[in-house]
Amino acid sequence: MASPRDPGTPPSPLRLDHLQRLEAESIHIMREVAAEFERPVMLYSIGKDSSVMLRLAQKAFHPAPLPFPLLHIDTSYKFREMIEFRDRMAASVGARLIVHTNREALADGTEPFAVGTQRCCGLLKTKALLDALREGGFDAAFGGARRDEERSRAKERVFSLRDAHGQWDPKRQRPELWNLLNSRLNPGESIRVFPLSNWTEIDIWQYIHAENIPVVPMYFARDREAIVRGDSIMIREQSFVPLLPGERPQIVKCRMRSLGCSPCTGAIRSDADTVPKIIEELVAVRQSERQLRVIDHDQDGSMEIKKREGYF
Amino acid sequence: MAPGGGLDPSSSGLLRICTAGSVDDGKSTLIGRLLHDSQAIYEDQIRSVEAASKSRTAGPIDFSLFTDGLKAEREQGITIDVAYRYFATARRKFILADTPGHEQYTRNMATGASTAELAILLVDARHGVREQSRRHARIARLLGITHFVVAINKMDLVDFDRAVFDGIAAEFARILDGASAVTIPMSALMGDNVITRSQRTPWYEGVSLLEHLEAVDVDTDVTGKAFRFPVQMVLRPHHEFRGFAGQIQSGVIRAGDQVTVWPGGRSTAVSRIVSWEGDLPSAFAPMSVTLVLEDEIDISRGDMLVAGPVQVGQRFTADIVWMDERPLESTRVYLLKHTSRIVTAEVDRRLELNEIGPAAVRTSRPLIFDAYRENRATGSFVLIDPATNFTAGAGMIGAFEAEAAAAGHEGAAERLARLARRAGSDREAVDAVRVALEEILGK
């Protein structure tokens, strides 16, 4: 049997580093979708992954404008800074932005403390998303999910087939070989496309750094007014979030590792106020990013169940 | 293109791996150990797994609970589908396709191996080489993998006996003859020779698994091969710009280089290589770029810009992996996706689910291709069942059938008649003719 080759051989100058390889792969996926689907849309959730996805889309179709609109599912409970950032980005990229909110559910008083997190997500995210996709007649929707985020996502294809109700069936997935993506849909079916499937959280930050991509300022540490309750740090923006007796806001140096709805997304104590410091912190940290997302932990196999119901 | 990714400058970039093993060879344990010990698994995930491990028995932490992503898998203690794992050391990033060893393993293994540069074959030291190990090795080689690690696991259960190891290693050397392979004695559960070299195998002079993965040079550089650029889409933002967007599948291109546009066969020169960062003097595989050409030539998605000789034809032989419950039938018409081109195709043989075999393929329109062993990207295709739209088969092109091609062009009416004649039932005949007709009518 042959022995392994001497690793001391210098790499060829015609070699892409791992971020460049990921970039080229993501652009390939986006172009396949733009070429093969009638009405694609890009889910824009304002976070760091969306920021990277948006930049990759700009690169994929340059010098042409984005061949699809952006869609934001607004629960109305996102952090204020996120909404300001969203509007600024859409304007600077020159993309058409569709904002969809389940107004009916909000009028009925839907919020996590009144109806529970599962039902709140189901109405304000999943139902809102499915309604928006149906109203727009979209047959393909890009999402910024990564396989390293959560264990059911590790099993998902780049082209994730959904039935007429937007639901995912993990046992009915199509094999995906090489870079050959199957765009054929049966009537009523649609796909969710994950161009960042092979990126990890650190890749995302390294790329943001290398490309100087704008992100929501909440990712950077600074002194913020927060409620500290045990291990969790909450930035309280909604008046329905109850305060326990004696609780009052205090100044904490913190940042968001993952952005979601303010009542359900905690901050972490941190001094990382630049991208390189965030990368340094990530290398050291031993907690996964979604730990601070209450909604992932509300039942066993939580994300898998949400995905089966039509969530990203 | 983003400059350097912040890794150690001496890093060897990205390595794509797939794993294969029979049931209970300890594959999930090995992967869990790699992820855990290279710190890709975070503390909160460990805590949730520790709680779940208490009811199962695989040592202090049941590592397979990290990797089995679906509820049904955790409940039944099996792995259903290909999963992708990501971990990194200071020297390299790894993408690992974790494929289950039993149910549907041919299909899953082919999927994992299709993008892998190296395969880890896992065997249980107590059982030695079994039929399934041979099949795994065969599938991986068929999919073009030339680098292997044979992980002889559960060495703790044979008292780290060198004779056991040597016997299995010798047998694998025969199976993997011609490939580059290293064999490592291991206990994934106890951690021997996974991350660090074990004290319990003093007779083993090689490196640990992770040390090998960090250092191995898989030499998959395709920039030395001829230029291949399948056109994904035409970008026309305004009248002055017409660019062809795609990913370079092999080779290098410089502004001014001559290319031939297939299937038309016309030659022209590349005038600009356009990227978001500005025009580039040159570009190479696997970069995604946009090319502007000197001459106005009618080019659309599915065409290919090529330098050097390439095969252009409608008949070729291929090894096919069948992945659908419904068998491959010579009487049916399939959709074939090759690079960015979709055509209809017929295959001259029957294959059942998880069968692999050589076949002759005939397509309705020409493909621009290379043999798979020369070029993975331009030598591979998938077959889609038009009735269900399922990705039913995967193919690796062997040779161009020059003899058959010389037999002449078949007219549309002859083709429809032949399809109808060969069908097993009226329903199949109607199906086959409908699919072929839709394509002829450009639907």
Side-chain angles (χ1 to χ4, degrees), chain A residues 1-5 7 9 11-12 14-21 23-24 27-28 31-32 34-35 58-65 147-148 151-152 154-155 170-171 173-180 182 184-186 197-198 200 202 206-207 209-211 279 286-288 291 300-301 304, chain B residues 1-6 12-14 42-45 69-71 80-81 83-86 93 95 107 110-111 114-115 173 176 180-183 212 215-217 221 223 232-233 235 237 241 245 247 252 274-276 284 286-288 301 323 335 337 376-377 380-382 384 389-391 394:
Chain A
M1 225 178 273
S3 60
R5 199 101 70 75
T9 329
S12 144
L14 296 183
R15 190 172 276 190
L16 299 183
D17 68 30
H18 81 280
L19 287 182
Q20 292 168 322
R21 275 177 75 173
E23 175 190 79
I27 290 174
H28 175 266
R31 288 168 168 175
E32 283 297 284
Q58 289 179 281
K59 290 192 174 198
F61 305 105
H62 173 84
R147 288 185 184 133
D148 83 320
R151 58 186 172 183
S152 68
K155 303 249 159 180
K171 290 192 174 172
Q173 298 199 90
R174 296 171 176 172
E176 257 172 19
L177 292 95
W178 301 289
N179 60 358
L180 296 173
N182 177 355
R184 303 279 301 188
L185 299 178
N186 296 310
S197 285
N198 285 325
T200 64
I202 287 196
Q206 286 177 332
Y207 192 72
H209 182 54
E211 295 279 323
I279 294 170
R286 297 299 313 269
Q287 309 252 302
S288 73
Q291 194 205 8
D300 178 41
E304 182 184 338
Chain B
M1 276 295 130
S12 339
L14 186 66
Y42 293 104
E43 265 174 12
D44 54 316
Q45 292 172 323
L70 303 173
K71 248 186 124 177
I80 290 171
D81 204 354
Y84 294 86
R85 318 280 168 207
Y86 304 84
K93 311 244 353 170
I95 299 179
R107 164 170 120 188
T111 302
S114 72
T115 50
L176 296 174
S180 164
V182 294
T183 308
H212 178 65
V216 62
D217 181 0
D221 186 15
T223 57
Q232 282 187 275
M233 59 191 302
L235 296 178
F241 188 92
Q247 184 172 20
V252 181
V274 178
S275 83
W276 200 73
F284 54 90
M287 288 165 70
S288 285
R301 173 174 168 81
M323 308 184 289
L335 297 168
K337 185 168 184 185
R376 268 183 173 189
S380 54
F381 61 86
V382 291
I384 299 165
N389 287 325
F390 190 74
T391 310

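Note that the structure is predicted; figures quoted are calculated from it, not measured.
Here the closest non-hydrogen pair linking B:Q232 and B:R301 is O-NH1, 3.0 Å. A:L180 approaches B:K337 most closely through the heavy-atom pair CD1-O, 3.8 Å. Considering all non-hydrogen atoms of both residues, A:L19 and A:Y207 come closest at CD1-N, 3.9 Å.
Heavy atoms of B:F241 lying under 4.5 Å from chain A belong exclusively to its side chain. If you measure heavy-atom distances from B:A377 to chain A, you find no contacts under 4.5 Å at all. Using a 4.5 Å cut-off between heavy atoms, B:V274 touches chain A through its side chain atoms alone. Neither the backbone nor the side chain of A:I279 has a heavy atom closer than 4.5 Å to any heavy atom of chain B.
The greatest number of non-hydrogen atom pairs below 4.5 Å with chain B, out of A:Q58, A:Q173, A:H62, is found for A:H62.
With hydrogens and angles ignored, the 3.5 Å screen pairs a side-chain donor or acceptor of A:R174 with a backbone N or O of B:N389.
Between the CG atom in B:L14 and the CG atom in A:N198 there is a gap of 8.0 Å [rounded to 0.5 Å].
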